[in-house]
Asks: 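Quick one: the structure is below, questions incoming.
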Amino acid sequence: MSFVEYKDLIKDGDTAIVFLGHGSMFPVRVQAGGQTQTKYGVIRHSADLIGKRFGAKVTCSKGGWVYILHPTPELWTMNLPHRTQILYSTDISLITMMLELKPGSVVCESGTGSGSLSHALLRTIAPTGHLYTVEFHQQRAEKAMEEFRAHKVDHLVTVRNQDVCKNGFGVTHAADAVFLDIPSPWEAVGHANAALRVEGGRLCSFSPCIEQVQRTCRALEEHGFTEVHTLEILLQAYNVRTVNLPLPDLGKGATADAADAPSDVAADSGPPPPGMAQFKSGVPLKEMVGHTGYLTFATKSLF
Ligand SMILES: C[S@@+](CC[C@H](N)C(=O)[O-])C[C@H]1O[C@@H](n2cnc3c(N)ncnc32)[C@H](O)[C@@H]1O
């Protein structure tokens, strides 16, 4: 198992995702002789996991079952141990596209935080790219490196434990893209400029507050960046439901019952009641994730 390469069989030392149902999963480090408790009973790693296929349905000791999934950056983002606030896949998808990342890209990032974005960046730039990530909190830097090793992506990443605003990324004129998720990104714009290739590259800064965006945009202009755009991306998820609606009573054929019957948005099985029309509809979830942060993108260009 590696976060940048799919393998069929589960091995000792792998990270796997135990999937109990929608919205209910957690990561597990597979260890010979190890055990994991679930609400369906115990999973014994040697007997139930090692040598089995990723995706297998595993029966736990109380008879209930779970699926064991191969890890991906998206599953890791949903399940990782939080050491900081993290970026989620909606923002990450826009960041990846707007930074024009691809296999072979060289990327600078700060701060590493909990490594949520880092895992996605690594999967995109593998197998020949490199991520230089800077984190000034020593334990967080060490923990991130430990996870990169366990997830077999450490050959693609260099973690530096320093202040990016004072000491930069430790990279000069080598990066295709720079990403900032720190409280004062405007103080790191000069270092980002120095890290990007002479011929140019892309920059993104994530900030929750508009005042941070204003200061960052000013710094970007002062350092000669162009194409400065600030975007926000919001995800609206839908449930697909079977909806019953009463047919209008046009005076012939329809029963009084049918005309009075209420619509039933929750009904999801069985034939429609008499006088009702049934169809599939996308129903937006009542709750959605609101503001995470503003994403400011900019280009460094040679001319
Ligand atoms: C919000 S977290 C980053 C989360 C990360 N993007 C993720 O997806 O997991 C911000 C991190 O930046 C670090 N940080 C803040 N200012 C910094 C600086 N000047 N230099 C290096 N790291 C810094 C913090 O210690 C923290 O771990």
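FYI, side chains are in, hydrogens and waters are out, and symmetry mates aren't considered; it's all heavy atoms of this structure. For ligands, and for the atoms within them, numbers begin at 1 and follow the listed sequence.
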Asks: I'd like to know if the side chain of Glu135 pairs up with that of Thr112 as donor and acceptor (distance under 3.5 Å, no hydrogens or angles considered).
Replies: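 Not at all, the side chains of Glu135 and Thr112 share no donor-acceptor pair under 3.5 Å.
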
Asks: Given 3.5 Å as the limit, does a donor-acceptor pair link the side chain of Glu227 with the main chain of Ala298, or not?
Replies: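 Not a single qualifying donor-acceptor pair exists.
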
Asks: Can you tell me how the ring of His291 sits relative to the ring of Tyr294, calling it parallel under 30°, perpendicular over 60° and tilted otherwise?
Replies: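 Aromatic pair His291/Tyr294 classed tilted.
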
Asks: Between the protein and ligand 1, are there any N or O atom pairs that come within less than 3.5 Å of each other, and if so, what are their names and distances?
Replies:
from	atom 1	to	atom 2	distance (Å)
ligand 1	6 (N)	Asp181	OD2	3.0
ligand 1	8 (O)	Leu87	N	3.1
ligand 1	8 (O)	Leu117	N	3.2
ligand 1	9 (O)	Ser114	N	3.1
ligand 1	9 (O)	Gly115	N	3.3
ligand 1	9 (O)	Ser116	N	3.2
ligand 1	19 (N)	Asp163	OD1	2.7
ligand 1	20 (N)	Val164	N	3.0
ligand 1	22 (N)	Phe136	N	3.2
ligand 1	25 (O)	Glu135	OE2	2.6
ligand 1	25 (O)	Arg140	NH1	2.7
ligand 1	27 (O)	Glu135	OE1	2.7
ligand 1	27 (O)	Glu135	OE2	3.3
ligand 1	27 (O)	Arg140	NH1	3.0

Asks: Mind telling me whether His130 and Tyr132 have parallel, tilted or perpendicular rings, with 30° and 60° as the class edges?
Replies: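 Ring orientation of Tyr132 relative to His130: tilted.
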
Asks: Tell me yes or no: between the side chains of Thr96 and Thr124, is some donor less than 3.5 Å from an acceptor?
Replies: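 No pair is found: no donor N or O on one side chain lies under 3.5 Å from an acceptor on the other.
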
Asks: For the pair Trp76 and His119, name the ring-plane relationship: parallel under 30°, tilted 30 to 60°, perpendicular over 60°.
Replies: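 Trp76 and His119: tilted rings.
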
